[in-house]
Amino acid sequence: MTTSPLPAFPPGFLWGASASAFQTEGAADAEGKGPSGWDAFAAQGRIKDGADASRGTGFHERYREDVALLAGLGADAFRFSVSWPRVIPGGSGPVNSRGLDFYDRLVDELCAHGITPAPTLYHWDTPLPLDEAGGWLRRETAQRFAEYAAVVADRLADRVPMWITINEPAEVILLGYALGEHAPGKQLLFDALPAAHHQLLAHGLAVQALRAAGADNIGLAVSHSPVRTAGTSDEDRFGAELYDTLTNWMFADPILTGAYPDEDFATLMPGPVAEDLAVISAPLDWYGVNYYQPMLVGAPATDALDDFAGIAMPAELPFGIRRLESEQRTAFDWAVVPDGLRELLVGLRDRFGDRLPPIHITENGCSYDGIDDQRRIAFLDGHLRALHRAIDAGVDVRGYFTWSLTDNIEWVEGASQRFGLVHIDYDTLERTPKASYAWYRDAIAAQRAGSGN
Ligand code: BGC
């Protein structure tokens with residue numbers, strides 16, 4: 001697909017790609033790594049086709065190939081994640097220096113190619129012993145996370161100029177603790193709220209620990225989706241507003257304003273909430289946004305329409321998620337709505353004003369099959385244009401990390417949903433750049449030529 005050139009992004013804009021440890025590394029018990037809650041979840045057969053992530057994309061062995069692919073793209077930065085159970089297998093206690101050595105090698109390889117390493121410290125793979133003790137339902141887990149953050153920063157902060165504490169806390173809570181569709185498989189519905197508070201606290205304590213260890217340029221990656229109301233009844237409006245609050249604002253508000261979106265939430269949270277909020281809202285250098293699609297939400301539905309990415313929603317929940325119609329859909333059946341990215345960014349700016357730090361898009365991408373992935377090109381082109389419109393509207397966006405560099409293990413969907421610019425043959429682990437890889441490479445090159453960078 002030939003697309004007309006993208007409008008020029010601001011000078012110094014960071015072009016990148018994202019990935020995560022559980023989804024790519026494999027080597028699940030190599031070099032002293034301990035199991036994560038996700039390894040245990042996979043062992044229970046919870047991933048499609050009984051798959052697990054023990055091989056992943058082979059990134060642990062093949063990271064040099066993937067760094068070469070990033071270099072071939074002309075990427076400025078790579079967002080990967082550090083596996084907590086690779087570094088501290090027990091979740092607390094001894095540090096596995098061989099685990100840290102892997103990230104040392106990876107960071108060196110990236111730096112040798114002039115690519116900024118941007119590690120995420122938590123992309124969902126909690127060390128199993130912590131999960132078994134209650135995971136994010138326990139306040140201690142936040143403390144353990146901060147200790148782990150300090151260990152990683154001690155080793156890498158001399159070469160890592162950009163840090164991400166936590167990825168998508170809302171998904172961890174909703175899917176992992178409320179609905180039980182992700183590890184650790186708990187179905188607590190609203191009793192999952194304490195886990196949200198502890199994850200927020202973990203973020204705040206990790207920011208402190210990172211800064212104390214000399215790390216700088218710290219943000220996190222939060223998913224945001226514009227919420228549309230399905231229907232016109234009071235129940236529809238209530239359902240949509242509650243869903244919006246739970247998924248868009250329950251994490252953003254405490255981090256950016258020091259308050260929960262609704263006083264009622266604060267009263268449901270454990271611990272010295274006011275003191276915790278002061279830690280949680282410590283200033284960030286930037287704020288990361290992951291965007292995939294808007295959500296259509298209303299009153300609980302009584303029929304099969306009521307699902308969330310194929311997940312049945314329990315009838316006790318006061319909201320229901322409907323299928324949002326759109327002309328284009330991804331292989332995951334997600335709606336393709338590029339302008340939703342502009343809409344949500346302008347919405348963040350309007351809601352938070354001066355409290356909103358500069359933004360990086362830390363994830364945006366789509367699942368499609370095939371190597372001649374023209375629909376991924378159209379998706380990226382459309383979303384980058386929408387992003388440019390947000391910048392034109394005055395939103396300070398500094399970078400874009402597409403999800404994902406390579407196909408990878410899409411959580412419970414296993415290898416069945418492919419988000420990569422690079423195809424993975426899961427039998428041979430051979431990497432084949434797709435048409436979208438060449439498109440993104442050319443788009444980055446054109447931006448550079450245009451800005452003289
Ligand atoms: C997650 C990724 C995931 C992607 C696509 C985000 O929720 O951070 O790990 O692969 O979306 O589902």
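Note that the coordinates shown come from a computational prediction; the quantities given were computed from them, not determined experimentally. Start at 1 and go down the list; that is how both ligands and their atoms are numbered. Start at 1 with the first residue, then count along the sequence.
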Within a distance under 4.0 Å of any heavy atom of Trp124, pick out the atoms of ligand 1 and give their elements. 1 (C), 7 (O)

Would Asp253 and Arg351 pass as an ion pair if we require N to O under 4.0 Å? yes

Carboxylate-amine/guanidinium contact Asp339 Arg389, below 4.0 Å: yes

Could you tell me whether Gln23 and ligand 1 have an N or O pair separated by under 3.5 Å? yes

So which bit of Gln417 gets within less than 4.0 Å of ligand 1, heavy atoms only: side chain, backbone, both or neither? neither

Glu171-Ser223 side chain donor-acceptor pair, cut-off 3.5 Å: yes

Using a strict cut-off of less than 4.0 Å between a Lys/Arg side-chain nitrogen and an Asp/Glu carboxylate oxygen, indicate whether Lys434 and Asp407 qualify as a salt bridge. yes

Is the shortest side-chain N to carboxylate O distance from Arg349 to Asp396 below 4.0 Å? no

Are Ile409 and Arg55 side-chain neighbours, meaning at least one heavy-atom pair lies under 4.5 Å? no

Taking the six-membered ring of Trp15 as reference, does the cationic atom of Arg441 (NZ for Lys, CZ for Arg) lie under 6.0 Å from its centre and within 45° of its axis? no

Contact region, Asn167 to ligand 1, non-hydrogen atoms below 4.0 Å, reads side chain

among protein heavy atoms, the one nearest atom 7 (O) of ligand 1 is Glu168 OE1, 2.5 Å

So which heavy atom in the protein is nearest atom 4 (C) of ligand 1, and how far is it from that ligand atom? Tyr292 OH, 3.3 Å

Mind checking whether Glu410 has an N or O less than 3.5 Å away from an N or O of ligand 1? yes

Atoms in ligand 1 with a heavy atom of Trp334 nearer than 4.0 Å: 12 (O)

If the contact criterion is a heavy-atom separation under 4.0 Å, does Tyr291 count as touching ligand 1? no

Is any NZ, NE, NH1 or NH2 atom of the basic residue among Arg105 and Asp101 found under 4.0 Å from an Asp or Glu carboxylate oxygen of the other? no

Asn408 N/O under 3.5 Å from ligand 1 N/O: no

Are the side chain of Thr428 and the backbone N or O of Glu430 linked by a donor-acceptor pair below 3.5 Å? yes

Report the part of Glu363 (side chain from C-beta onward, or backbone N, CA, C, O) that has a heavy atom under 4.0 Å from ligand 1; answer both or neither where that applies. side chain

Which one holds for Phe22 and ligand 1: side chain close, backbone close, both close, or neither close, with close meaning a heavy atom under 4.0 Å? neither

Close N or O approach (His123, ligand 1; < 3.5 Å): yes

